[in-house]
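The structure appears below as structure tokens.
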2 protein chains.
Amino acid sequence: MRLTRYTDYAMRVLLYLGARPERLCSIAEIARAYDVSQNHLMKVVNDLVRAGYVASVRGRLGGIRLARDPGLVNVGQVVRHTEVDFDLVECGTCVIAPACGLTGVLREALEAFLQVLDRYTLADLLARRQDLADLFLRDPPRAGGS
Amino acid sequence: MRLTRYTDYAMRVLLYLGARPERLCSIAEIARAYDVSQNHLMKVVNDLVRAGYVASVRGRLGGIRLARDPGLVNVGQVVRHTEVDFDLVECGTCVIAPACGLTGVLREALEAFLQVLDRYTLADLLARRQDLADLFLRDPPRAGGS
DNA sequence: TTATACATGTATTTTTGATGCATGTATAAG
DNA sequence: CTTATACATGCATCAAAAATACATGTATAA
């Protein structure tokens with residue numbers, strides 16, 4: 001069970017921009033940072049622009065930035081937007097559909113999955129990241145320390 | 001986001017066998033019923049046999065049947081067994097791992113997904129199926145009826 | 001006017017899951 | 001004891017979908 005890289009990249013772009021709120025970032029820069037296809041990332045970003053998550057500035061010295069406060073970017077919403085295919089199994093050809101009890105259970109499970117994501121915003125993710133970074137940086141480990 | 005057909009087929013085999021508890025079924029028969037690759041299904045079934053969900057009888061007049069009561073076959077357990085890859089995103093190459101807040105949230109969401117499946121057994125699915133079948137068969141629709 | 005950065009449609013490539021093929025093993029019927 | 005049938009298993013091939021590359025267009029600041 002996997003999400004597409006498309007969704008993965010979308011989240012990474014938002015995280016990247018969320019961590020650099022005071023300036024424009026170029027798509028080329030982000031593609032370089034994550035070592036991914038610039039062309040692909042361009043499409044992901046454009047999708048986020050159309051959806052209103054990211055603002056873009058064309059032309060020389062242009063770039064992209066978050067279009068909303070990270071606290072207003074819901075993770076569930078983003079994933080629902082970027083991940084198109086949520087059909088966990090292929091019921092179209094199955095002979096026991098629609099009388100199959102599995103589909104309902106899977107639908108319920110998927111809903112639970114997305115509801116967890118609905119509880120978080122980009123701001124939460126950025127905060128978690130900071131928490132972890134603090135953990136690593138605050139108190140440098142030394143021999144015998146715990 | 002999708003499960004593999006491998007998992008899909010595994011569940012279908014269990015449902016098929018659960019609906020026919022009194023006899024042996026051949027893999028060829030089930031493959032025909034669902035119109036899927038017999039070779040692939042053979043591997044899925046063998047996996048279920050090794051895992052103890054299905055009992056197989058070799059040789060002429062052989063076949064397969066459930067090895068446990070449907071009430072003891074947990075859906076979450078089966079899916080965890082058949083679905084190998086639960087890495088929702090590819091963190092291996094990502095530069096912000098392990099300080100990325102996304103992984104924890106995704107892990108939590110996945111856990112919620114599986115916990116829903118953990119609440120159901122094969123018996124539940126078969127009962128649901130019966131409920132629906134009843135709905136369709138009990139009271140044949142007639143013109144103008146509601 | 002030019003360099004740069006986003007926008008967008010169309011190939012092509014890669015990945016990975018699904019399928020096909022070949023061969024082996026076990027068992028009931030005759 | 002031979003044969004037909006059904007499960008067991010490894011390897012090769014195919015197909016679908018996602019990722020990537022390529023080509024071209026549009027906007028804007030220097």
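Below, chain A is the first sequence line, B the second, and so on; all start at residue 1. None of these values were measured; they are calculated from a predicted model. We use all heavy atoms of the structure for the numbers below, so side chains are in, but hydrogens, waters and symmetry mates are not.
Atom CD in B/E83 sits roughly 12 Å away from atom C1' in C/dT16 (whole-Å rounding). Spacing between atom CG of B/D35 and atom P of C/dA18 amounts to 15 Å, rounded to whole angstrom units. Rounded to an integer number of Å, the gap from CG of A/L41 to P of D/dA18 is 18 Å. Atom OH in B/Y6 sits about 13 Å away from atom P in C/dT19, given to the nearest Å. Atom CG of B/D85 is separated from atom C1' of C/dT15 by 12 Å (rounded to the nearest Å). Following rounding to the nearest Å, B/L48 (CG) and D/dA8 (P) show an atom-to-atom distance of 11 Å. Computed from coordinates, the A/R23 CZ to C/dA5 P distance equals 12 Å when rounded to whole Å. A straight line from NE2 of A/H40 to P of C/dT15 spans 14 Å, rounded to a whole angstrom.
Proximity of A/Y9 to the phosphate of D/dT20: a side-chain N or O atom is located under 4.0 Å from OP1 or OP2. Distances shorter than 4.0 Å separate none of the side-chain N or O atoms of A/S56 from OP1 or OP2 on C/dC6. Dashed line: the shortest gap from a side-chain N or O of A/R50 to OP1 or OP2 of C/dT8 is under 4.0 Å. Proximity of A/R5 to the phosphate of D/dT20: a side-chain N or O atom is located under 4.0 Å from OP1 or OP2.
Counting any heavy atom pair closer than 4.0 Å across all strands shown, B/R2 reaches no nucleic acid atom. In this structure, A/N46 reaches the sugar-phosphate backbone alone: every heavy-atom distance under 4.0 Å involves primed, P, OP1 or OP2 atoms, never a base.
Between B/V57 and B/E90, the one whose closest nucleotide on DNA chain C sits nearer the 5' end is B/E90. Of the two residues near DNA chain D, A/Q38 and A/G59, the one whose nearest nucleotide lies more 5' is A/Q38. Residue-to-nucleotide proximity on DNA chain D shows that, of B/A28 and A/L61, the 5′-proximal contact is made by B/A28.
In the set C/dA7, C/dG20, D/dA23, the nucleotide with an atom closest to the side chain of A/N39 is D/dA23. Listed nucleotides: D/dT20, C/dC6, C/dA7. Nearest to the side chain of A/S26: C/dC6. Across C/dA29, D/dT20, D/dA27, the shortest atom-to-atom separation from the side chain of B/R60 is found for C/dA29. Side chain of B/R58, nearest nucleotide from C/dT25, D/dT28, D/dC22: C/dT25.
Tested against B/R107, the residues B/L110, B/V105, B/T103 include a single side-chain contact (heavy atoms from CB on, under 4.5 Å) partner, B/T103.
For C/dT8, the paired base is D/dA23 (Watson-Crick or G-U wobble, both distances below 3.5 Å). Base pairing analysis places C/dG17 opposite D/dC14; the two distances defining the Watson-Crick or G-U wobble pair are each below 3.5 Å.
In this structure, A/R65 does not pair ionically with A/E22, as no charged nitrogen and carboxylate oxygen lie closer than 4.0 Å. Here B/R80 pairs with B/D118 in a salt bridge; the nearest charged N to carboxylate O distance falls below 4.0 Å. Comment: A/R23 engages A/E29 in a salt bridge, judged by a side-chain N to carboxylate O separation of less than 4.0 angstrom.
There is a side-chain donor-acceptor pair under 3.5 Å between B/D47 and B/Y6. A/E108 and B/Y120 share a donor-acceptor pair across their side chains, judged by distance under 3.5 Å alone.
Side-chain N/O atoms of B/K43 and base N/O atoms of C/dG20 include a donor-acceptor pair closer than 3.5 Å.
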